[in-house]
There are 2 protein chains.
Amino acid sequence: MRVGVGMVDKAGLIENQGALVDADAQVESFRQTRNNRRTELVEDYVELIADLIDHDGEARQVEIAQRLGVAQPTVAKMLKRLAADGLIQQRRYRGVFLTAEGKELARHCRERHHVVESFLCALGISAETARNDAEGIEHHVSAETLEAFRAFVGKNATDAGAGREPPR
Amino acid sequence: MRVGVGMVDKAGLIENQGALVDADAQVESFRQTRNNRRTELVEDYVELIADLIDHDGEARQVEIAQRLGVAQPTVAKMLKRLAADGLIQQRRYRGVFLTAEGKELARHCRERHHVVESFLCALGISAETARNDAEGIEHHVSAETLEAFRAFVGKNATDAGAGREPPR
DNA sequence: CCTTATTTATAGCAATGGCTATAATCGCCA
DNA sequence: TGGCGATTATAGCCATTGCTATAAATAAGG
């Protein structure tokens with residue numbers, strides 16, 4: 001069907017004063033967003049687990065559950081999935097540990113998160129809002145956009161500190 | 001439990017060289033993000049329906065499905081929900097129409113979407129990436145952040161045009 | 001060593017958002 | 001008016017991500 005810019009619709013009229021975006025391109029955006037949504041949770045878990053290990057020396061289910069604001073069985077289920085995906089190792093009734101792959105993902109997420117949060121702060125947004133919004137935005141930032149954020153933070157050395165450690 | 005900045009953990013040590021964020025605050029971020037995720041789809045639908053009505057004079061399920069890249073029954077199910085929520089009106093085997101409430105939501109989403117996309121463009125990001133990322137980011141932008149984006153776009157009149165009509 | 005509190009595992013339920021296959025309806029044209 | 005193509009509705013399936021309730025395992029202390 002493809003109703004795009006400058007195309008002719010079934011009534012024979014030149015469409016597009018409305019300037020609807022190209023259909024194929026739009027579908028790609030939506031697909032990408034749906035894909036991101038699937039990986040968001042995984043990234044949140046891995047990032048949080050890395051933080052807890054760095055902070056406490058271990059990551060326990062109860063602590064993860066508390067931090068995420070969900071129930072412990074919800075965490076248990078997700079950890080199984082992470083283990084199946086090779087991101088963590090579980091020892092029954094022991095803490096959770098990141099595999100090499102998990103560590104790499106955590107490093108990546110952590111840095112991206114930090115860039116996004118710093119960027120929002122550099123824009124003049126309050127620390128609290130920056131924290132909240134970064135949590136949602138980070139998973140939807142492409143490499144190109146992340147680079148632009150990083151460059152902006154670099155130029156405006158007004159980074160008030162995003163309240164997280166810098167990437168090592 | 002609450003392991004926060006400068007608190008004492010069960011080992012009796014002053015925590016927090018790791019600088020973990022406050023637990024209550026973090027839980028709030030995650031909760032908010034989960035909430036946003038729930039409303040994202042609704043907003044995507046309403047925004048798209050508004051675009052289609054403006055462009056084609058009507059919004060049909062098949063067209064919505066094509067644009068979103070999902071199957072028609074998926075759309076049918078979601079439309080039932082939107083109707084139950086009072087955002088649209090459905091006439092069997094006819095197109096979909098926005099209620100007053102739906103129109104208002106569409107207006108809001110459309111404007112927010114436009115601001116985010118324009119902002120990314122103003123940052124120097126390519127039109128295509130801006131379009132893709134805006135689709136994911138828009139739902140996670142708070143009022144404060146949106147205002148900052150708007151201000152930035154205003155200052156840097158480099159808006160290369162986001163490929164969407166301006167908010168009316 | 002046994003008890004008890006903490007932690008983890010498991011079972012089972014609900015809502016959401018996908019899908020395919022198929023039935024029902026509408027609109028149009030012969 | 002009848003039929004056909006396009007559109008919408010419905011049924012039934014699956015995966016995901018939440019939940020509560022409860023069982024099982026561990027660790028720690030007496």
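Just so it is clear: chains get the letters A, B, ... in the order the sequence lines come, proteins before strands, and each one is counted from 1. Side chains are part of it too, since the values below use all heavy atoms of this structure and drop only hydrogens, waters and symmetry mates.
Between Arg67(B) and Glu63(B), at least one side-chain N (NZ, or NE/NH1/NH2) sits under 4.0 Å from a carboxylate O, which counts as a salt bridge.
Both Lys77(A) and Arg94(A) sit near DNA chain D, but only Lys77(A) has its closest nucleotide nearer the 5' end. Residue order along DNA chain D, read from the 5' end via each residue's closest nucleotide, puts Arg38(A) first among Gln72(A) and Arg38(A). When each of Ala59(A) and Val70(B) is assigned the nucleotide of DNA chain C bearing its nearest heavy atom, the one mapping closer to the 5' terminus is Ala59(A).
Taking atom CZ of residue Arg81(B) and atom C1' of nucleotide dG18(C), one finds them 14 Å apart after rounding to whole Å. As rounded to whole Å, 8 Å separates atom P of dC19(D) from atom CZ of Arg31(B). In this structure, the CD atom of Gln66(B) is 13 Å from the P atom of dA6(D), given to the nearest Å. The CG atom of Asn36(B) sits 17 Å away from the P atom of dT17(D) (whole-angstrom rounding). Taking atom CD of residue Glu58(A) and atom P of nucleotide dA27(D), one finds them 11 Å apart after rounding to whole Å. As a whole-Å value, the separation of Asp44(B) CG from dG17(C) P is 11 Å. Atom CD in Gln90(A) sits about 13 Å away from atom C1' in dT7(C), given to the nearest Å. Protein atom CG of Leu79(A) is 10 Å distant from nucleotide atom C1' of dT8(C), rounded to whole Å.
Distances were taken from every side-chain heavy atom of Leu41(A) (C-beta onward) to each of dC19(D), dT17(D), dC19(C); the shortest belongs to dT17(D). Closest to the side chain of Pro73(B), out of dT10(C), dT20(C), dT7(D), is dT20(C).
Phosphate proximity of dT8(C) to Lys80(A): absent, as no side-chain N or O sits under 4.0 Å from OP1 or OP2. OP1 or OP2 of dC19(D) has at least one side-chain nitrogen or oxygen of Thr74(A) nearer than 4.0 Å. Contact check, Gln61(A) against dA9(C): a side-chain N or O comes under 4.0 Å of OP1 or OP2. One finds a side-chain N or O of Arg60(A) lying less than 4.0 angstrom from the OP1 or OP2 phosphate oxygen of dT8(C). Note on Arg92(A): every side-chain N or O is 4.0 Å or more away from OP1 and OP2 of dA9(C).
Connection of Phe97(A) to Ile49(A) is not established within any shared hydrophobic cluster, with ILVMFWY side chains joined at heavy-atom distances below 4.5 Å, either directly or through further cluster members.
For Tyr93(A) and dA24(D), a side-chain-to-base donor-acceptor distance below 3.5 Å is present, hydrogens and geometry of angles not being considered.
Within the model, atoms CG of Asp44(B) and CZ of Phe30(A) stand 4.5 Å from one another, a figure rounded to the nearest 0.5 Å.
With a 6.0 Å radius and a threshold of 12 heavy atoms from other residues, nucleotides or ligands, Glu147(B) has its CD atom above the threshold.
Minimum interatomic distance between Glu47(A) and Arg110(A) (heavy atoms only, all atoms of both residues): OE2-CA, 3.9 Å.
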